[in-house]
Amino acid sequence: MGETTVTTLEEGREQAAPRSVTDAPEQRYLHRLRVPRRPRLWFEILLIAVSYWTYSLIRNAVPEQKTQALRNADWIWKVEHHLGIAVEETINHSVNSVTWLIVGMNYYYATLHFVVTLGVLVWIYRSHPGRYAATRLVLFATTAVALVGYYFYPLAPPRLMTGENFIDTVVVHQTWGSMASGDLKNMSNQYAAMPSMHIGWSLWCGLTIFALASVPWVRVLGLLYPTLTLVVIVATANHFWLDAVGGMLCLAFGFAVARVWYGTLPYALPRQVTGSIREPELEPVKA
């Protein structure tokens, strides 16, 4: 009887051992990747720099398919007329008639896209470290999927359309207002207007500020920022309304990626990273 009992227990351990050995490393690895941890400054600076360099390299390496891009722009313009929202040209001409306003928008388009986005990243890094990695993942996934749009759907901005009367406000007012106009046009792919990352990034900034800021007027500014950006990209003839819709869809994809990976939206994660990362507890294996 005793020998039989010992033999049965030993056989149970032998059968259980392979499963516990195989499952434990996988569970620990996924657990470590998904649990928020305190970001490291040097790594984040390097990651953001390399990521933006890679994004710019790929975006500008996409073939400038001028003929197809102009054809797509004509199609977008016709669709907007059909929908009754083709007012970009009217806005472009109206704002262009106010010199100080359009010049300000030119500089807004060229600078705040980067300044505000980096500012929000720094703010989350310092004040919400537990939410930083997930929120950054949204931004990175949004930008990554935008590259797919640039490759498969080349699109000319309104200011480059033939047969239309859009004004390239940077050229007319001789301001440094766009990497895709004037003297800097050769540094950027001119036919990568869909989706608009000015909208994708600004809406990411706006939603993040609105969700995490504690001061009411700051939250309001967060919502006003993407709204004003939408007016700017249209007034300067750099984008159609539908380009903005494309940017919103990319952002929705970014949030979906973060939701799947972390199991919740970034803003629902703990604000601070508390303690060290705990290993997942393995359920005891029954013989």
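Hydrophobic clustering of Ile, Leu, Val, Met, Phe, Trp and Tyr side chains at less than 4.5 Å, counting indirect connections, unites Leu228 with Trp100. Using a 4.5 Å cut-off between side-chain heavy atoms of Ile, Leu, Val, Met, Phe, Trp and Tyr, with links allowed through other members, Tyr108 and Leu223 fall into different hydrophobic clusters. Cluster membership for Leu118 and Val120, using ILVMFWY side-chain heavy atoms within less than 4.5 angstrom, is shared. Residues Val245 and Ile233 are members of one and the same hydrophobic cluster, defined by side-chain heavy-atom contacts under 4.5 angstrom among Ile, Leu, Val, Met, Phe, Trp and Tyr. No single ILVMFWY cluster, assembled from side-chain heavy atoms under 4.5 Å apart, contains both Ile167 and Val103.
Met248 places none of its side-chain heavy atoms less than 4.5 Å from the side chain of Pro195. For the pair Trp77/Glu80, a side-chain contact is recorded, criterion being any heavy-atom separation below 4.5 Å from C-beta on. For the pair His128/Trp123, a side-chain contact is recorded, criterion being any heavy-atom separation below 4.5 Å from C-beta on.
Of the possible polar contacts, none joining the Asn72 side chain to the Ala69 backbone as a donor-acceptor pair under 3.5 Å is found. For the pair Ser202 (side chain) and Ile199 (backbone), a donor-acceptor distance under 3.5 Å is present. The main-chain N or O of Asn165 is found under 3.5 Å from a side-chain atom of His93 such that the two form a donor-acceptor pair. Looking at Thr117, its side chain never comes within 3.5 Å of a backbone N or O of Phe114 through a donor-acceptor pair. Here the side chain of Glu88 pairs a donor or acceptor atom with the backbone of Trp241 at under 3.5 angstrom.
When every heavy atom of Pro266 is checked against every heavy atom of Arg131, the shortest pair comes out as O-CG, 3.3 Å. When every heavy atom of Gln190 is checked against every heavy atom of Pro157, the shortest pair comes out as O-CD, 3.1 Å. The two residues Asn96 and His173 make their nearest non-hydrogen contact at OD1-NE2, 2.7 Å. Nearest heavy atom pair, residue Ala133 against residue Tyr262, reads CB-OH, 3.5 Å. Closest of all the heavy-atom pairs between Ala134 and Leu269 is CB-CD1, 3.5 Å. Residues Thr142 and Gly254 approach most closely at OG1-CA, 3.7 Å, considering heavy atoms.
Trp204 and Thr135 share no side-chain donor-acceptor pair at under 3.5 Å. Side-chain polar atoms of Asn106 and Thr169 form a donor-acceptor pair below 3.5 angstrom. Side-chain polar atoms of Thr208 and Tyr267 form a donor-acceptor pair below 3.5 angstrom.
The aromatic rings of His113 and Trp201 sit parallel to each other, their planes meeting at less than 30°, with 60° as the upper class boundary. Relative ring orientation between His198 and His239 is described as tilted, the plane-to-plane angle lying within the 30° to 60° band.
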inquiry  = Could you go through Tyr191 and Leu160, starting from their C-alpha distance and side-chain angles, then the distance that decides it, and tell me whether this counts as side-chain contact (heavy atoms from CB on, under 4.5 Å)?
reply    = CA-CA 9 Å; Tyr191 303 106; Leu160 292 183; 3.9 Å; yes

inquiry  = Evaluate Val257 against Val145 for side-chain contact (heavy atoms from CB on, under 4.5 Å), listing each step before the verdict.
reply    = CA-CA 11 Å; Val257 170; Val145 76; over 6 Å; no

request  = For Val148 and Phe253, run side-chain contact (heavy atoms from CB on, under 4.5 Å): C-alpha distance rounded to whole Å, both residues' side-chain angles, the deciding distance at 0.1 Å, then the answer.
outcome  = CA-CA 12 Å; Val148 178; Phe253 172 82; over 6 Å; no

request  = Might you work through the side-chain contact (heavy atoms from CB on, under 4.5 Å) test for Tyr109 and Val170, ending with a clear yes or no?
outcome  = CA-CA 10 Å; Tyr109 184 87; Val170 172; over 6 Å; no

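Sorted by first and then second residue, the ring pair (Phe, Tyr, Trp, His ring centres under 6.0 Å) pairs involving residues 207-237 (not counting sequence neighbours) form an empty list.
A distance of 8.0 Å separates CD1 of Ile102 from OG1 of Thr175, quoted to the nearest 0.5 Å. Atoms OG1 and CG, from Thr162 and Asp74 in turn, are 6.0 Å apart once rounded to the nearest 0.5 Å. For the atom pair CG of Leu147 and OG1 of Thr143, the computed distance is 7.5 Å after rounding to the nearest 0.5 Å. A distance of 7.5 Å separates CG in Leu112 from OG1 in Thr229, rounded to the nearest 0.5 Å. Annotation: the span from Leu251 atom CG to Leu203 atom CG amounts to 5.0 Å, rounded to 0.5 Å. Note that CZ of Phe152 is 10.5 Å distant from CD of Gln65, once rounded to the nearest 0.5 Å.
Every residue meeting the side chain to side chain contact (heavy atoms under 4.5 Å, CB included) condition with Ala237, not counting sequence neighbours, appears here in chain and number order: Asn92, Pro158, Arg159, Phe166.
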